[in-house]
Amino acid sequence: MAAKIPSSFIDTVLARTDIVELVSGRVPLRKAGRDYKACCPFHEERTPSFTVSADKQFYHCFGCGAHGSAIGFLMAYERLGFVEAVTELAHRAGLEVPQDGRPAAPAGPDLRPVLAAAARYYQEALRHHPAAERARTYLKGRGITGTVAKDYQLGYAPPGWNGLLSALAKDFKPAVLERAGLVIARDGATGFYDRFRDRVMFPISDARGRVIGFGGRILDQGEPKYMNSPETVLFHKGRELYGLPQALAAIDKVGQVVVVEGYMDVLALSQFGVAHVVATLGTATTREHLERLFRYAPEVVFCFDGDRAGREAAWRALEQALTVLRDGRQASFLFLPEGEDPDTLVRAEGRDGFQARLRSATELPEFFFETLCARADLSRMDGRARLVELAKPLLSKLARGALYELMIGRLAELSALKVPQAAVLAPSRAEDAAPRPQPLAPVRGGSLVRQAVALLLQYPALIQEVEELPPPGRPGMDVLAALVALLRETSGLTTGAIVERFADSPHRATLARLAAWEYPSLLPDHEGVMRDIMRTLNEQARAAKAKDRHRYLINKGNLTPEEQAEVIAYLRDRNIGA
């Protein structure tokens, strides 16, 4: 699989990925010196032995031996294949993955400038375009103030087929607008036309406030009522959240984030002072949504209609939440009265009324058991057994910890099981068969070659200190030679990227061990240490060569005068050095 994606592309993906950010979205890291630590997500432990290095872009568990780059972490944590993991990281970085062994296509122009220009165009059109009066009337009718419209950069896409296309033609080629999802190529003809026409426009931004896509609402009757940008290298509906940059300060202050289903819900709640709110983009809540949200707050409240469809959507969100919940994270569900949505409810009850509803939201464990108990008759023995079987595959998704133990305890109470809580959930065959990271053999000894490999691996810039490479033959020299060749050929690689380059090599296990090796010689003056090691290795190689030559001459006999002089000089040097 790895051969289908060029190594140079993998290097680029890893260079644009911050492994600390990636891991922290899934594992609660804490700063520990230059690195970050946590309890290992791949085996149960009480004392943190899982380390993530920002400098090396590498993770390693000193308990179970799990290790690797950002690619390896995604493969292990999300159980993805290599290509899937690279693709996921590439999308995060705004890159397109080359397929079927073809050379990597250029990533293309940065789409952010054209998207920012489009946002400005739509905002200007909302204020001044002759056809925008209907859009302004609509927004005023929905109670949206000018301040909110400005904060969320609301705009208007005028009617017509080429308004945006013409406005941006001076600075951007149509093909770039198409890559950004702003225009569509005409079927069976040359040319393009605007994707969004006669719609109120809602820019969708990343966490840093940079526009990555748009949502547009139609003003008259028609379908679709709401239209989002297509998937692009920057925009992925299953990951992005509307209103996130505007909500971050409030989320940080409150320690909670509210998830709603519509753009207008976000605007209305924000306008009434409930600013810690975001919306999914017309899709069900995904695991990636939740991983992102829990990075910003320890509690997520889902806001759904109280009807059957709303509860079904809530249950799907619960199933996703179980995969990311762990001690310190909370999820709740606010079910609204029939016929109400957050927009209408906050306008009717005000900020305090809506906040009161948030405080009384149904906690995930309560919703979990309430829903499952409704599917099983607990007055019957086989009904209680059914409850256990319904709960088992869901609870198996939970990370082991206090919440897991409490949920198991509650299940045992409801089902009247008289067995230890730990026995309630026996692992399934699939869990038994799932591969687990195997401990790596400890690094033994401290040979100079091993030290040289560790130094180069952990400080790739030290390749500048390697002028002469000792000849092969010494244990470990094949690994050192391969590493030196790679670093001379390719600059800018991190430790994680180097190990990934050796994914299909017999040297990978050795490099993985040494990437996390702590050895006394790895001192702040690593340049001097590296020079000393290489000088010693080369001196030892020359000494070994001279010794072999001396043995050869002694065994040869009948030496020529030149050979006799060579032996005498060797013995003299040896005596001097003794």
Stepwise salt bridge (Lys or Arg N to Asp or Glu O under 4.0 Å) test for E312 and R308: CA-CA 6 Å; E312 289 177 351; R308 179 178 178 180; 3.1 Å; yes
Closest contact, heavy atoms only, Y77 versus P41: CE1-CB, 3.8 Å
Aromatic ring pairing F333/F302, orientation class (parallel under 30°, perpendicular over 60°, tilted between): parallel
Any side-chain heavy-atom pair of I144 and Q271 under 4.5 Å: yes
Inter-residue atom distance L126.CG - K150.NZ, 0.5 Å rounding: 13.5 Å
From T323 atom OG1 to L394 atom CG, the distance as rounded to the nearest 0.5 Å: 11.0 Å
Exam field: side chain H289 to backbone E240, donor-acceptor pair closer than 3.5 Å: yes
Closest heavy-atom pair and its distance - V211, P203: CG2-CB, 4.3 Å
Non-hydrogen side-chain atoms of V278 and V259 separated by less than 4.5 Å: yes
Validation row: S332, F367 side chains within 4.5 angstrom (heavy atoms): no
Cation-pi, F202 ring and R217 (6.0 angstrom, 45 degrees): no
Short side-chain to backbone donor-acceptor contact, S24 and V20, under 3.5 Å: yes
Heavy-atom closest contact (L165 atom, L177 atom, distance): CD1-CD2, 4.0 Å
Residues R239 and E231 bridged, charged N to O under 4.0 Å: no
Charged N-O contact under 4.0 Å between R120 and E124: no
S69 versus I19, closest heavy-atom pair with distance: C-CD1, 3.7 Å
Side chain to side chain contact (heavy atoms under 4.5 Å, CB included) between R311 and F304, worked out: CA-CA 7 Å; R311 286 188 169 267; F304 290 103; over 6 Å; no
Note, F235 side chain near L115 side chain (heavy atom, < 4.5 Å): no
Salt-bridge contact E413-R410 (side-chain N to carboxylate O under 4.0 Å): yes
Donor-acceptor contact below 3.5 Å, side chain S166 vs main chain N162: yes
Q256 side chain near L358 side chain, heavy-atom distance below 4.5 Å: yes
Check: T286 main-chain N/O paired with Q320 side-chain donor or acceptor under 3.5 Å: no
V52 vs V27 side-chain heavy atoms within contact, under 4.5 Å: no
R136 vs E133, salt bridge (Lys or Arg N to Asp or Glu O under 4.0 Å): CA-CA, chis, key distance, verdict: CA-CA 5 Å; R136 293 192 293 268; E133 181 61 33; 2.8 Å; yes
Residues R351, V274; criterion side chain to side chain contact (heavy atoms under 4.5 Å, CB included); working and verdict: CA-CA 7 Å; R351 176 182 181 273; V274 185; 4.1 Å; yes
Interatomic spacing from OG1 in T371 to CH2 in W315 - rounded to 0.5 Å: 5.0 Å
Working for side chain to side chain contact (heavy atoms under 4.5 Å, CB included), residues R316 and T285: CA-CA 8 Å; R316 290 193 295 271; T285 305; over 6 Å; no
Under 3.5 Å donor-acceptor, D327 side chain and A402 backbone: yes
Beyond-backbone contact of L164 with F196, side-chain heavy atoms, under 4.5 angstrom: no
Shortest non-hydrogen contact between P337 and L345, atoms and distance: CD-CD2, 4.2 Å
Side-chain donor-acceptor pair present, Y138, R134, cut-off under 3.5 Å: no
From CA spacing to verdict: side chain to side chain contact (heavy atoms under 4.5 Å, CB included), Q153, M201: CA-CA 9 Å; Q153 301 177 284; M201 298 299 292; over 6 Å; no
Pairwise side-chain contact, V257 with Y296, heavy-atom cut-off 4.5 Å (strictly under): no
Side-chain ion pair, R347 and D343, N-O less than 4.0 Å: yes
Shortest non-hydrogen separation from F294 to Q330 and the atoms involved: CE2-O, 3.5 Å
Sole candidate of F214, Y156, Y152 that passes ring pair (Phe, Tyr, Trp, His ring centres under 6.0 Å) when paired with Y122: F214
